[in-house]
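See structure below.
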Amino acid sequence: MLELKNISLNFKEFSLREISFSVEQGEYFVLLGKSGAGKSLILEIIAGMLKPGSGKVFLSGKDITEERIQKREVAIVFQDYAVFPHLSVKENICYPLRAKNVNKHEQDKRAKELAERLGIGHLLNRRTTTLSGGELQRVALARALATDPKCILLDEPLSSLDVQLQHDLRTMLRKLNKDGLTIIHVTHNYEEAVSLASRVGIIDSGTLEQTGTLKEVFHSPKSLYIANLTGIKNFYNAEITGKGKAILEQKKEIHLPAAEKGKTGFALFRAEDVVISCEALVSSFTNNFKGKILHISPSITGVEVLLDAGIRLTALITEQSVEKLELKEGKEVYVNFKASAVRFIDTAV
Amino acid sequence: MKQNGVFHLIILFLSGLVLLFILAPITGLFFSSSVPQLLETTKDKEVQGSISLTLSTAFFATFFFGLMIVPLAYLLARKDFPGKKVVMGIMDLPVVIPHTAAGIAILGFISRDSTVGKFAGYLGLELIGNPIGISLAMAFVSVPFLLNAARDGFSAVPIRLEKAALNLGASPARVFFTISLPLAWRSILSGAIMMFARGMSEFGAVVIIAYHPMVAPIMIYDRLGAFGLKYAQPVAVIFILVSLVFFVLLRVVAARKTE
């Protein structure tokens, strides 16, 4: 639906190099990268606020690289919301409708509809200068949706909200996506990617390093940068089965910090949190499984040991430990990790 | 602590002196004329005509030049182009050149022999000794006040808001009229009042273009020369009172802007 082909843009001290990716209709694509990686520039290029030095942008098969900003049919929501401070909530939402000369009655109807959908119906006549961050974010979203965009671009939409508001907005974004809205979301926070993305792109210093599903990127990071950014090798679909328990990939039950029964999402833990022992341990590790070593491979940060313990998991240990425990492929060992090392990220709508 | 006290005393003393320097002549002037004298001067048709001429010429200067200055201010605030600093320097020139010299420059520009003067002549207009000429002289010396205030006002509007408006389907003109202008209007208004007040009080440039019809500053000077201090003072007081109205207006606008 949206496709970027070999987009490059050079500034004095920073360049975007050969960025190519595509986003399908109804997909939730998250561009993940550190601050200053070039994420926002990509959004501005898609929205037509910046002209790329070279490369093309296609929307629904049509080349929109040279298309005027007003005609692009993509709406952007900025990190600082860019809600017009001199206009009321309703006037903000109606702004794109007025630009299209939609009649007053239709404007009112549409503004009300969008405001209700985003839970700000009671704020329609308020001045925007009196709103909280979460409310402003919703106004900006409602205003963007009023343009009937083919695709919506979100620039760090959750970064300046508190935890509760983040949760609410994530739920709302998932719902909008489920209703068919194509979303491209840039963030520096991998948790946002995990909780929202159907696919991710990892960007570093102006280069798109990898794109793929969450599992592809987290399980097989193509570079050290990605491995460090995500830091997560053990990443599974999970369903909470009871108090402090979850089943991973419908195969293996583990202990984790308490979460609401029936919730689905992802469970993840770091490879360095997994301890390998030759005997069963009597310890505070509540997750102890017998497993078999499938593969041992050196990495820049140590030695990665891939194990099969009903699910595949990776432990990161030192070379000395490999020697001390005489680890080799095929050997049966015990894997141990604390329930508190497991992070559950809810993805339910 | 003691040193601090002495330091503060010196600061207070010097501040008081400056305040006195401004207040003393004006207060003195107000006490120089009696109420009956002031009332009589107010009824003087010449004085009335002169003040109304001053207000109208300053208003037209501000209004018509404002229509050109505001777009220029927007351009300077938003676009980078080669020679931008030179343009900004040129627009600040009227502040630094002596106003009589400015008057001479304008005179050369609009006199009967000049292209502008000839063109006005074809239209049956005589710019020298005419309210239009007075407005031009006032505008010349006061343009920087509106230009700089408006430019600062536009610069303070986040570019993000304009980009967002474009993304929402608005044309550049619509963005200007619905986002940039409303958000910068207080700065523009306070700049316009400054321009108006500056134009109203202009003597040097105006006297060279038109001694007659007399604007208020020239009438004060004329009465002083022809009849002496006693006759000039009431006119000065009345003119200061009129100016004060605009001064207060400016302060109110500026105060709201800070809020």
Side-chain angles (χ1 to χ4, degrees), chain A residues 40-41 43-50 64 67-88 91-102 107 111 114 128-129 136-137 139-156, chain B residues 66 70-71 73-82 84-85 146 149-193 249 252-259:
Chain A
S40 301
L41 288 179
L43 290 194
E44 294 205 6
I45 287 173
I46 298 172
M49 289 161 187
L50 276 176
I64 59 161
E67 184 70 280
R68 280 170 57 208
I69 186 169
Q70 296 92 340
K71 302 273 178 199
R72 292 220 166 193
E73 298 181 280
V74 289
I76 187 165
V77 175
F78 290 106
Q79 187 174 4
D80 56 3
Y81 322 126
V83 165
F84 306 134
H86 59 303
L87 303 180
S88 70
E91 287 166 333
N92 263 280
I93 300 174
C94 288
Y95 192 86
L97 303 174
R98 278 197 193 148
K100 276 188 191 165
N101 290 323
V102 172
Q107 279 182 32
L114 283 165
T128 52
T129 42
L136 285 170
Q137 181 70 265
V139 175
L141 258 173
R143 190 180 66 178
L145 291 174
T147 61
D148 276 328
K150 284 188 175 161
C151 167
I152 202 159
L153 314 171
L154 307 174
D155 190 357
E156 298 270 3
Chain B
V70 172
Y74 185 67
L75 185 76
L76 291 173
R78 281 293 180 254
K79 305 280 177 204
D80 279 321
F81 51 87
K84 181 175 164 178
K85 287 201 168 148
L146 174 54
R151 195 193 58 218
D152 292 346
F154 284 126
S155 299
V157 176
I159 293 180
R160 270 279 156 96
L161 296 181
E162 293 175 355
K163 281 187 174 179
L166 288 171
N167 178 248
L168 293 167
S171 64
R174 192 178 182 88
V175 174
F176 177 77
F177 285 110
T178 59
I179 305 295
S180 323
L181 199 59
L183 287 172
W185 84 272
R186 280 192 191 284
S187 298
I188 296 170
L189 185 65
S190 74
I193 296 172
L249 199 65
V252 171
V253 172
R256 283 206 189 147
K257 193 172 76 184
T258 342
E259 273 169 32

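So that the names make sense, note that chain A is the first sequence line, chain B the second, and so on, each numbered from 1.
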Of all the residues in residues 156-165 of chain B, which have a heavy atom that comes within less than 4.5 Å of a heavy atom in chain A? B/Arg160, B/Leu161, B/Lys163, B/Ala164, B/Ala165

Stepwise side-chain contact (heavy atoms from CB on, under 4.5 Å) test for A/Tyr95 and B/Ile179: CA-CA 10 Å; A/Tyr95 192 86; B/Ile179 305 295; 3.6 Å; yes

Only one of B/Leu183, B/Leu168, B/Thr178 clears side-chain contact (heavy atoms from CB on, under 4.5 Å) with A/Phe84; which?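 Exactly one candidate clears the test, B/Leu168.
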
Which of the residues A/Ala140, A/Pro96, A/Pro149 is involved in the greatest number of heavy-atom pairs with chain B at under 4.5 angstrom?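 Of the options given, most contacts go to A/Pro96.
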
Please identify, among A/Glu73, A/Lys71, A/Arg98, the residue contributing the most non-hydrogen atom pairs under 4.5 Å to chain B. A/Arg98

In terms of heavy-atom contacts, A/His86 and B/Pro182 come closest through CD2-CB, 3.6 Å

For residues B/Pro172 and A/Gln70, report the shortest heavy-atom separation together with the two atoms involved.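 Looking at all heavy atoms of both residues, the shortest contact is CD-NE2, 3.6 Å.
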
Hits for salt bridge (Lys or Arg N to Asp or Glu O under 4.0 Å) against A/Asp148, two or more places apart or cross-chain, chain-then-number order -> A/Arg110

Side chain, backbone, both or neither: which part of A/Arg68 has a non-hydrogen atom closer than 4.5 Å to chain B? neither

Relative to chain B, which segment of A/Val83 carries a heavy atom at a distance below 4.5 Å: side chain, backbone, both, or neither?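 Backbone only.
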
Rounded distance (nearest 0.5 Å) linking atom CG of B/Leu166 with atom CE of A/Met49: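 Separation between the atoms: 7.0 Å.
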
